[in-house]
Student: 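Here it is: the structure, laid out below.
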Amino acid sequence: MTEPLPPQYDPTSLEHRLYQQWEEAGLFTPHAPEPGESRPFVIMMPPPNVTAMLHMGHGLNNTLQDTLIRFERMRGRNTLWLPGTDHAGIATQNVVEKLLAREGLTRFDIGREAFEARVWEHVRKTGPVILEQLKAIGSSADWSRTYFTLDPDLSAAVREAFVRLHQKGLIYRGKYIINWCPRCATALSNEEAEKTETDGHLWHLQYPLADGSGHLTVATTRPETILGDSGVAVHPKDERYQHLIGHQVVLPIVGRLIPIVADDAIDPEFGSGAVKVTPAHDPVDFEIGRRHDLPAIEVMQPDGRMAADLPAPYANADRFAARKLIVTEFDRLGLLEKVEAHQHAVGHCYRCDTVVEPRLSEQWFVRMAPLARPALAAYRSGELRFIPERRGEEYAQWMENIRDWCISRQLWWGHRIPVWYCDEPTCGAMRVSRTDLSFCPACGGPVRQDEDVLDTWFSSWLVPMSSLGWPADTADLASYFPGDTLVTAPEILFFWVARMVMAALEFKGQLPFDTVYLHGTVRDTDKRKMSKSLGNGIDPLDVVRKYGADALRYTIVAGMSVGTDLILDPEDLEQSFAPGRNFANKLWNAGRFLLGNLTGPTRPLAGKHRNTIKPAELLLADRWIIARCEATVVEATLAYERYRLNDAAALVYHFIWSDLADWYIEQIKPRLYGDQPGGDVARAVACRTFEIALQLLHPVMPFITETLWKQLPGRAADATLVTSHWPQSDRRAMDQAALRDFGLVQELISAIRTIRAEYKVPPGQSVRVKASNAHPAYEAERATIERLSKSKLSFGADPSGPGGSAVLTDGSTLFVSLDDVIDLGQERARLGQEAERLRDLVAAQIRKLGNQQFVARAPADVVAKEREKQQSWSDQLRALEQKLSVLGAG
RNA sequence: GGGCGAAUAGCUCAGCCGGUUCAGAGCGCCUGCCUUACACGCAGGAUGUCGGGGGUUCGAAUCCCUCUUCGCCCACCA
């Protein structure tokens, strides 16, 4: 039964238990779709790395997804939020290699099989951790469907995709310049080589002409590669060098004779206009070399050291040490013409930040242009939309300039490339296969599988299908593909989002989702991205422990609008998360108060079709809070639908804190205490509007709302807010008159309070108040007015005598008698200031309305509105001036 | 080198399909209150030439141009 609620909200004692109840009840698992039912709502969770520990990026990403999925679930959609973990090839391998290093071992010491076993052992331990952490922040994913990208089913999907693309000629193997990380010792895709502006140098080096007639100066940022030069290129139209085309230069240090060729790729304006050509170590040079039949001479080893067969001191030297040595040698030879400071973009490994080396290497590639075409078309046609919209252009730009995808990685952790080579010298067949081969299908000879594994993203891009069983024809695939919304960080727009679109279109002929919501990044107060290496991170679980998951979630949602970054202060958790913590506490106490006062006579809750309270029984305040509630339902629902989650949070926050707690609860206290009749009506209205507030807030703050909701009267033991029905809008509840009239009451109370504060009337002392306008609303809420402003209200003209005055928006006046405390000078100054403000406003209106241009050109309704304003302000001003004249006389 | 976004109270941000009670919210700050839900609170209050300059318009935080400063995406000028 209902246990008494603790006075202080203590999230830690209830969140975990509540989550278990939800999970055990299977609330996060969709039911099998029924015929005629509307389509399920599906979100694919971006699978965290299997070794990941929860950070704020996950917190943000999953809070947003959970909010959306809970919203749709409450609206009655059959929802699936599908979680999983990613094997994360390089990242995971690096982690385990580091562990090995602590034992003084490398992966080569223990061998491939043992290493793989070691990684599996590790990820079996770490994999479940991140998922449990996601539960701790309330994620309502369907854990019964959790996948891992190396699961057999998903591995089958990878092979299927590989085989199909290969059959279509979209996968090929070839020797090209790829991005190579010397530290990870693997090829990378273009996306994985992050370009960063770096301060470097442009060295102008002189290459002597072979005929001894002088020299040709080339400019380079990477002098160490000259050892692999096999030519020098100039622009064919460059007059400076035209006579040299076809001649040769002597490559310094090496002594090799290399030709001078003409190529359009050269920009005569840059550097010296002559470029050293190193086909084995630069993508542009590679192309030039091909066009002019220049040999590709490799001078670097995979680990970033120079080749062993080079002359001393270059042999085996580190690439950056070699750079210095080469420059020094040129200088010594008198061939170093000049050095310029030069800023250029240098690629860095996205996993270890090592400077990437362009390297000639045999790799597997996916031909992307044919896949990009429909993916781009889907965006152009509007079928695929981005939030915020501008992100769509980034997507389009990438698609338009798509380059082939290098998918092979020289790693041991991942999906082995499904290609087998026949070792029989006379056969040498190569087979791509869905199943493992143990002998050559062509000649029956021995085969060996390709040593390399696939890029992690080659499995990730299939996840919207493979996690549901593809390529098998499963019920899940039929029910939950395609999905609806993808929520993720903009950093993986190309890595993942764009490729998922391409894969789904290619293999299923459908988009995997129709909306891509790209949220911002979590940063510190210096706008630096939170990261482990910077040490500026916030541990979401730390926040959960201190303030609760709801406080974390509210702060995230309320603090971030569409497409902007979330800035938090890692130095001051308390201040960063105060909004969420304070709000949770406020809500808790409002709930505690209401629940503790439901013991009096009650009748069934006021609500659509269940309302046993007759309209005539409702007081103005009741009608007002019902109308405010209705407005909040309409606006908050719209905000959720439009992904404006911060707006939704703010709307509900305001409704609960300002409308319900500050005004309505204060208003009904006498009724609840039995000091006034109508306790049952107040209880019914309070209960109903409070319940709706809990529902509207549940997607953002699931734990506290559920806890309070379960305590409401008349709840079945197994009733849960998670699957309660989203509040319906009811236009009849939109009582404009109540909104307006109670607004007048609020204004009157505030005005009296202000005057009391201005004159420092002791809190306990009652004051006499006279309002010039005997509005029915004042009479109706007289008790409320008098209680909340500690006053005695009467109507009529302002009395003489000392007091404070105010003019209300309807032009009526208010007089607060302050027999002893009044300071006439202060009051005159106060009113004078107010009159001044009004005079300015009125003057502006007179100017505006006297302007023929305005009256003629502005729309009629705008002009009418301006006239009304002028009228109102004039009335107020007149009343004020009258007061001032009285004061002046007194 | 192209493209995009942001610059609004001390801080973090709303507002920005043009119209002065739209200059806002939360946090912080000031004043007074332990008023029997909440001091993680209540009541009241102060604070901004809406980045600089120019323009369009009857009217601009809101549209256009430009400058400055941050941030992001793309890029084979070695």
Student: Please work out if A:Glu866 contacts a base, only the sugar-phosphate, or nothing of the nucleic acid, heavy-atom cut-off 4.0 Å.
Tutor: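 A:Glu866: backbone/sugar contact only, no base atoms under 4.0 Å.
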Student: Counting side-chain heavy atoms from CB outward, which of B:G5, B:U21, B:G26 is closest to A:Arg390?
Tutor: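 Taking heavy atoms from C-beta onward, the closest nucleotide is B:G5.
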Student: Return no unless some side-chain N or O of A:Thr564 is found under 4.0 Å from OP1 or OP2 of B:U12.
Tutor: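 So the side chain of A:Thr564 is outside the cut-off, no N or O lying under 4.0 Å from OP1 or OP2 of B:U12.
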Student: Starting at the 5' end of RNA chain B, which residue's closest nucleotide do you reach first, A:Tyr673 or A:Thr754?
Tutor: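 The residue whose closest nucleotide sits nearer the 5' end is A:Tyr673.
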Student: For the pair made of CZ in A:Phe655 and C1' in B:A25, what is the distance, rounded to whole Å?
Tutor: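 In whole Å, B:A25 C1' and A:Phe655 CZ are 18 Å from each other.
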Student: Relative to the 5' end of RNA chain B, which residue comes earlier, A:Ile749 or A:Val562, by the nucleotide with the nearest heavy atom?
Tutor: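 Between the two, 5'-proximity favours A:Val562.
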Student: Given A:Arg581 and A:Glu574, is the salt bridge (charged side-chain N to carboxylate O under 4.0 Å, His left out) satisfied, shown in steps?
Tutor: CA-CA 9 Å; A:Arg581 182 199 57 174; A:Glu574 168 142 18; 2.9 Å; yes
Student: Counting heavy atoms from C-beta on, name the nucleotide in B:G44, B:G19, B:A37 closest to the side chain of A:Lys586.
Tutor: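 Nearest nucleotide to the side chain: B:A37.
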Student: Is any side-chain nitrogen or oxygen of A:Asn582 closer than 4.0 Å to OP1 or OP2 of B:G41?
Tutor: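 Looking at the OP1 and OP2 atoms of B:G41, one of them is under 4.0 Å from a side-chain N or O of A:Asn582.
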Student: Taking the same atom, P, in B:U35 and in B:G52, what whole-Å distance lies between them?
Tutor: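 Approximately 47 Å lies between the P atom of B:U35 and that of B:G52.
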Student: Looking at residues at least two apart in the chain, or sitting in another chain, which of them share a side chain to side chain donor-acceptor pair (under 3.5 Å) with A:Lys586?
Tutor: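 With neighbours one apart ignored, the set is empty.
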Student: Within the 3.5 Å criterion, strictly below it, is a donor on A:Thr196 or A:His348 matched to an acceptor on the partner's side chain?
Tutor: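 Checked: A:Thr196/A:His348 side chains pair up, N/O donor to acceptor below 3.5 Å.
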Student: Write down the distance between CG (A:Leu587) and C1' (B:A37), rounded to a whole number of angstrom.
Tutor: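 Rounded to the whole Å, the gap is 12 Å.
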Student: Hey, does A:Lys669 reach any base, or is it just sugar-phosphate, or nothing, if we go heavy atoms under 4.0 Å?
Tutor: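 Base, at least one base atom sits under 4.0 Å.
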Student: Among B:C72, B:U21, B:G15, which nucleotide sits nearest the side chain of A:Gln876?
Tutor: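 Nearest listed nucleotide: B:U21.
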Student: A:Lys790 side chain N/O closer than 4.0 Å to the phosphate oxygens (OP1, OP2) of B:A43?
Tutor: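 Looking at the OP1 and OP2 atoms of B:A43, neither is under 4.0 Å from any side-chain N or O of A:Lys790.
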Student: Send over the distance from A:Leu880 CG to B:U21 P, rounded to a whole Å.
Tutor: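 Between P of B:U21 and CG of A:Leu880: 17 Å.
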Student: Looking only at the side chain of A:Ala844 (C-beta and beyond, no hydrogens), which of the listed nucleotides B:G15, B:U21, B:U20 gets closest?
Tutor: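 Nearest nucleotide to the side chain: B:U20.
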Student: Rounded to whole angstroms, how far apart are CZ on A:Phe593 and C1' on B:G41?
Tutor: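 It works out to 14 Å between those atoms.
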Student: Check for me whether the distance between the ring centres of A:His342 and A:Phe270 falls short of 6.0 Å.
Tutor: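 Yes, close enough.
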Student: Rounded to whole angstrom, note down the C1' distance from B:C30 over to B:U21.
Tutor: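 Each nucleotide's C1' atom is 24 Å from the other's.
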Student: Counting only Watson-Crick pairs (N1-N3 plus N6-O4 or O6-N4) and G-U wobbles (N1-O2, O6-N3), all under 3.5 Å, who is the partner of B:U47?
Tutor: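 Base-paired to nothing in any strand shown.
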Student: With side-chain hydrogen bond (donor to acceptor under 3.5 Å, both in side chains) as the test, pick out the partner of A:Asn536 among A:Asp524, A:Asp569, A:Thr525, A:Asp526.
Tutor: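 Testing A:Asn536 for a side-chain hydrogen bond (donor to acceptor under 3.5 Å, both in side chains) against A:Asp524, A:Asp569, A:Thr525, A:Asp526 leaves exactly one candidate, A:Asp524.
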Student: Going by the salt bridge (Lys or Arg N to Asp or Glu O under 4.0 Å) test, which pairs reach into residues 747-759 of chain A, not counting sequence neighbours?
Tutor: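 Every candidate salt bridge (Lys or Arg N to Asp or Glu O under 4.0 Å) pair involving residues 747-759 of chain A fails, so no pair, neighbours aside, qualifies.
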Student: Could you check whether A:Glu747 gets within reach of a base, just the sugar-phosphate, or nothing at all, counting any heavy atom under 4.0 Å?
Tutor: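 The answer is nothing, as A:Glu747 stays clear of every strand by at least 4.0 Å.
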Student: Say we look at B:C4 and B:G19: how far apart would their P atoms be, to the nearest angstrom?
Tutor: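 B:C4 and B:G19 have their P atoms separated by 26 Å.
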Student: So which nucleotide from B:A14, B:U21, B:A37 ends up closest to the side chain of A:Arg592?
Tutor: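 Among the listed nucleotides, the one closest to the side chain of A:Arg592 is B:A37.
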Student: Would you mind telling me which of B:G44, B:G71, B:U20 lies closest to the side-chain atoms of A:Arg753?
Tutor: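 Closest nucleotide to the A:Arg753 side chain: B:G44.
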Student: Determine the interatomic distance between P on B:U47 and the same-named atom on B:G10; round to the nearest Å.
Tutor: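 11 Å, rounded to whole Å.
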Student: For B:C16 versus B:C64, give the span between their C1' atoms, rounded off to a whole number of Å.
Tutor: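 After rounding to an integer number of Å, I get 15 Å for this pair.
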Student: Once rounded to the nearest 0.5 Å, what's the spacing between atom CZ of A:Arg291 and atom CG of A:Asp264?
Tutor: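 Going from CZ on A:Arg291 over to CG on A:Asp264, the span is 7.5 Å.
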Student: A:Asp565 CG to B:C70 P: how many Å, rounded?
Tutor: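 From A:Asp565 CG to B:C70 P: 17 Å.
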Student: Between A:Asp861 (CG) and B:G18 (P), how many Å, whole number?
Tutor: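 Rounded to the whole Å, the gap is 13 Å.
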Student: Checking contacts here: which listed nucleotide (B:A37, B:U12, B:G44) is nearest the side-chain heavy atoms of A:Ile567?
Tutor: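 From the listed options, B:U12 comes nearest.
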Student: Between B:U36 atom P and A:Asn589 atom CG, what is the distance in whole Å?
Tutor: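 Spelled out: CG on A:Asn589 to P on B:U36 is 14 Å.
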Student: If we take the P atom in both B:A61 and B:C22, what is their distance in whole Å?
Tutor: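 Each nucleotide's P atom is 15 Å from the other's.
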Student: Check whether any side-chain heavy atom of A:Glu868 sits under 4.5 Å from a side-chain heavy atom of A:Gln871, and report yes or no.
Tutor: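 Counting from C-beta outward, A:Glu868 and A:Gln871 never come under 4.5 Å.
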Student: So what does A:Ala661 touch, heavy atoms closer than 4.0 Å: a base, only the sugar-phosphate, or nothing?
Tutor: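 Base, at least one base heavy atom under 4.0 Å.
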Student: Would you mind pulling out the nucleotide paired to B:G24, Watson-Crick or G-U wobble, both distances under 3.5 Å?
Tutor: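 Pairing partner: B:C13.
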Student: Taking atom types as modelled, find out whether A:Tyr350 and A:Glu194 have a side-chain donor-acceptor pair closer than 3.5 angstrom.
Tutor: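 Result is no, nothing qualifies.
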Student: Which base, if any, makes a Watson-Crick or G-U wobble pair with B:A61, both distances under 3.5 Å?
Tutor: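 WC or wobble partner does not exist here.
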Student: Pairing check on B:U56: which nucleotide meets the Watson-Crick or G-U wobble criteria with it, both distances under 3.5 Å?
Tutor: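 Its partner: none found.
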Student: Nucleotide by nucleotide, 5' to 3', does protein get under 4.0 Å of the base (B), only the sugar-phosphate (S), or neither (-) in nucleotides 73-78 of chain B, counting heavy atoms?
Tutor: SSBBBB
Student: Side-chain donor-acceptor pair under 3.5 Å between A:Glu340 and A:His204, yes or no?
Tutor: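 Their side chains do contain a donor-acceptor pair, which is all the 3.5 Å distance test asks for.
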Student: The side chain of A:Ser872 is closest to which nucleotide in this list: B:A14, B:G44, B:U21?
Tutor: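 When the side chain of A:Ser872 is considered, B:U21 is the closest of B:A14, B:G44, B:U21.
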Student: Does a nitrogen or oxygen in the side chain of A:Lys760 sit under 4.0 Å from OP1 or OP2 of B:G44?
Tutor: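 Looking at the OP1 and OP2 atoms of B:G44, neither is under 4.0 Å from any side-chain N or O of A:Lys760.
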Student: Any salt bridge between A:Arg391 and A:Glu394, counting N to O under 4.0 Å?
Tutor: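 Looking at A:Arg391 and A:Glu394, the cut-off is met.
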Student: Please determine, for B:U36, whether a Watson-Crick or G-U wobble partner exists with both distances under 3.5 Å, and give it or none.
Tutor: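 Base-paired to nothing in any strand shown.
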Student: Once you apply a heavy-atom cut-off of 4.0 Å, does A:Lys865 come out as touching a base, just sugar-phosphate, or nothing?
Tutor: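 The residue A:Lys865 makes no contact with any strand.
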Student: Less than 3.5 Å apart, any donor N or O on the side chain of A:Asp404 or A:Tyr176 sitting next to an acceptor on the other?
Tutor: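 No, no side-chain donor-acceptor contact under 3.5 Å.
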Student: Report the distance from atom CD1 of A:Ile752 to atom P of B:G45, rounded to the nearest whole Å.
Tutor: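 The answer, rounded to whole Å, is 14 Å.
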Student: As a test of reading the structure: which of B:C70, B:U21, B:G41 is closest to the side chain of A:Trp657, going by heavy atoms?
Tutor: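 Looking only at side-chain atoms, A:Trp657 lies closest to B:G41.
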Student: Counting any heavy atom closer than 4.0 Å, what does A:Pro388 reach on the DNA or RNA strands: base, sugar-phosphate only, or nothing?
Tutor: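 The residue A:Pro388 makes no contact with any strand.
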Student: Please name the nucleotide paired to B:C72 by Watson-Crick or G-U wobble geometry with both distances under 3.5 Å, or report none.
Tutor: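 With both distances under 3.5 Å, B:C72 matches B:G3.
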Student: With heavy atoms under 4.0 Å as the rule, sort A:Arg756 into base, sugar-phosphate or nothing.
Tutor: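 Contact class for A:Arg756: none.
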Student: Using the P atoms only, state how far B:A14 lies from B:G51, rounded to an integer number of Å.
Tutor: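 Rounded to whole Å, the distance is 13 Å.
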Student: Quick one: is B:C72 close enough that its OP1 or OP2 comes under 4.0 Å of any side-chain N or O from A:Arg528?
Tutor: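 Result: no.
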Student: Write down the distance separating the P atoms in B:G53 and B:U31, rounded off to the nearest Å.
Tutor: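 My reading of the P atoms in B:G53 and B:U31 gives 36 Å.
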